[in-house]
2 protein chains.
Amino acid sequence: METLTIGEMAARSGVAPSALRYYEREGLLHAARTGGNQRRYERADLRRIAFIKIAQQVGVSLDEIREALAELPENRTPTKADWSRLSSHWRHRLEERIAMMERLRDQLTGCIGCGCLSLQRCTLINPRDRLASRGTGPQMILNPPRD
Amino acid sequence: METLTIGEMAARSGVAPSALRYYEREGLLHAARTGGNQRRYERADLRRIAFIKIAQQVGVSLDEIREALAELPENRTPTKADWSRLSSHWRHRLEERIAMMERLRDQLTGCIGCGCLSLQRCTLINPRDRLASRGTGPQMILNPPRD
DNA sequence: CTGCAACTTGAAGTGAACTTCAACTCAAGG
DNA sequence: CCTTGAGTTGAAGTTCACTTCAAGTTGCAG
């Protein structure tokens with residue numbers, strides 16, 4: 001089994017065929033085609049999909065994921081080193097996000113519980129990078145606790 | 001200044017007036033009205049909004065936030081104790097989410113970098129509780145590292 | 001060769017969380 | 001009193017990340 005059909009990819013990755021087609025339209029994924037125009041994926045694409053899923057977990061939009069994936073070589077199958085570089089970048093993102101949530105955790109009870117609370121003292125703000133999550137409205141991040 | 005207008009609330013909370021009206025339609029917020037039908041908020045509502053923002057940060061949908069807020073007393077201004085109870089619940093959510101992301105972090109480089117990778121070994125799965133984030137598609141969570 | 005599950009496409013639909021718009025009313029300073 | 005910035009409504013629009021649909025095509029097992 002050299003290549004995988006879209007159905008097989010869906011089964012192995014847990015991502016619906018419709019989503020895989022959507023990712024392709026959005027430029028996150030590319031599949032070779034058979035003579036009859038059916039998609040054929042390589043096993044390496046599973047790694048790509050895993051990356052997409054993980055990045056989404058971290059709260060990154062498909063737009064940003066596309067940009068990140070663009071850093072992978074197009075002419076050859078990405079090597080272990082290529083992926084390491086990319087993942088260490090996201091690892092950074094992840095660390096930041098974790099740190100943010102830890103600060104949130106450490107302040108939550110105190111802030112919400114007491115009269116002080118809130119947007120003033122807890123300094124929930126909207127930074128330029130919206131790591132937080134997709135969604136239209138303003139996204140916020142908890143500032144380092146400094147009060 | 002006893003009560004706050006919608007504009008003042010927006011300024012103080014960082015949430016747009018349109019969003020505050022939306023929250024009211026969705027039953028997350030309630031404002032008194034002037035004779036002329038304009039909204040007047042109490043300072044306590046800032047706490048409510050802070051809670052909404054924080055819960056969103058954690059990846060909870062407005063639906064679930066509404067349900068949580070329903071546990072607050074309706075007849076009186078929530079006390080410190082009321083808020084503490086609620087926030088400790090979310091603190092739990094937050095802890096879980098942090099733990100999930102830490103597992104993700106610990107496995108990311110190894111999983112993505114090496115040939116093994118992926119959806120098999122890294123066991124990214126879709127649990128019954130979609131803490132993760134809003135969004136339509138299947139949401140996943142990283143299982144406790146057990147390989 | 002046939003049958004049928006699995007694939008193809010473009011277009012339209014979905015749900016969450018808002019925003020924008022048009023037309024109108026209110027409230028507060030001068 | 002009058003002006004003007006802020007507020008009101010319902011309806012429609014937007015973005016993201018997909019899914020669903022209809023109508024047609026492909027590929028493999030028997």
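Naming convention: chains lettered A, B, ... in sequence-line order (proteins, then strands); numbering from 1 in each chain.
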Using the test salt bridge (Lys or Arg N to Asp or Glu O under 4.0 Å), find all partners of B:Glu42 that sit at least two apart in sequence or belong to another chain.
-> none
Between B:Arg48 and B:Trp83, which heavy-atom pair has the shortest distance, and what is it?
-> CA-CH2, 3.6 Å
Rounded (10°) bend between the five-pair end axes of the helix from C:dC1-D:dG30 to C:dG30-D:dC1 = 0°
Residue set satisfying salt bridge (Lys or Arg N to Asp or Glu O under 4.0 Å) with B:Asp82, at least two apart, ordered chain then number -> B:Arg76, B:Arg85
For residues 18-30 of chain B, dump all side-chain donor-acceptor pairs below 3.5 Å to protein atoms at least two apart in sequence or in another chain.
residue: B:Glu24; atom: OE1; partner: B:Arg39; partner atom: NE; Å: 2.7
residue: B:Glu24; atom: OE2; partner: B:Arg33; partner atom: NH2; Å: 3.3

Side-chain atoms of B:Ser18 come closest, of C:dT20, C:dC7, D:dT20, to C:dT20
Nucleotide nearest B:Leu62 (side chain, heavy atoms from C-beta), chosen from D:dC18, C:dA17, C:dC7 | C:dA17
Shortest non-hydrogen contact from B:Pro78 toward B:Pro73 | CA-CG, 4.1 Å
Starting at atom OH of B:Tyr22, determine the distance to atom P of C:dT20, rounded to an integer number of angstrom.
-> 15 Å
N/O (side chain, A:Thr5) to phosphate O (OP1/OP2, C:dC7) under 4.0 Å = yes
Passing option when A:Ser13 is tested against A:Leu4, A:Leu46, A:Asp45 for side-chain contact (heavy atoms from CB on, under 4.5 Å) | A:Leu46
In whole angstroms, how far is the P atom of D:dC16 from the CD atom of A:Glu64?
-> 11 Å
Value in whole Å for how far the P atom of D:dT19 lies from CZ of A:Arg21 = 10 Å
Listed partners of A:Arg40 passing side-chain contact (heavy atoms from CB on, under 4.5 Å), at least two apart = A:Thr3, A:Thr5, A:Thr34, A:Gln38
Separation of A:Leu20 atom CG from D:dT19 atom P, in whole Å?
-> 9 Å
Smallest separation among heavy atoms of B:Phe51 and B:Leu69, with atom names | CD2-CD2, 3.6 Å
Round to a whole Å and report the spacing from CZ of A:Arg66 to P of D:dC18.
-> 13 Å
Within residues 28-40 of chain B, the residues having a heavy atom closer than 4.0 Å to DNA chain C are B:Thr34, B:Gly36, B:Gln38
Does B:Tyr23 place a side-chain N or O at less than 4.0 Å from the phosphate oxygens OP1/OP2 of C:dC18?
-> yes
From CD1 of B:Ile52 across to P of C:dA16 the rounded distance in Å is 16 Å
Could you pull out all residues at least two apart from A:Glu67 that satisfy salt bridge (Lys or Arg N to Asp or Glu O under 4.0 Å)?
-> none
Round to the nearest Å and state the distance from A:Arg25 atom CZ to D:dT15 atom C1'.
-> 15 Å
Of C:dA17, C:dT19, D:dA17, the nucleotide closest to the side chain of A:Ser61 is D:dA17
A:Asp63 CG - D:dT14 P separation (whole Å) | 18 Å
